[in-house]
Amino acid sequence: MKKIFYQGFTFTNPNGKTDNWTLVIGNQVRVGSLFELRRQVHFFTELGILPPPKIAK
């Protein structure tokens, strides 16, 4: 399993394929390419509807 941390959100890749990533925000699960999920994070952040990201210590 691969994980990428991006602006406080975690993208996971359970299959090891580079084109299939999962993003979980609250109770929503989104699956897509890394580019598409990053675009969605930016879009929803600009709208102000994302919960604040968890900050790891």
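Position 1 is the first residue of the sequence; numbering continues from there.
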In one Ile/Leu/Val/Met/Phe/Trp/Tyr side-chain cluster, 4.5 Å: Leu47, Phe9: yes

Rounded to the nearest 0.5 Å, the CG atom of Asn13 sits from the NZ atom of Lys3 at a distance of 12.0 Å

Calculate, to the nearest 0.5 Å, the distance between atoms CZ and CZ belonging to Arg30 and Phe44 respectively. 4.0 Å

Check side-chain hydrogen bond (donor to acceptor under 3.5 Å, both in side chains) between Glu46 and all other residues, then give those that pass, not counting sequence neighbours. none

Hey, can you pull the donor-acceptor pairs under 3.5 Å for the side chains in residues 31-40, sequence neighbours left out?
residue	atom	partner	partner atom	Å
Ser33	OG	Glu36	N	3.1
Glu36	OE1	Arg39	NE	3.4
Glu36	OE2	Arg39	NH2	2.7
Glu36	OE2	Gln40	NE2	3.1

Between Thr10 and Val24, is the side chain to side chain contact (heavy atoms under 4.5 Å, CB included) condition met? List the steps. CA-CA 8 Å; Thr10 304; Val24 178; over 6 Å; no

Decide if atom CZ of Phe43 counts as having more than 12 heavy atoms of other residues, nucleotides or ligands within a radius under 6.0 Å. no

Look at the rings of Tyr6 and Phe11 and say which category their plane angle falls in: under 30° parallel, 30 to 60° tilted, over 60° perpendicular. tilted

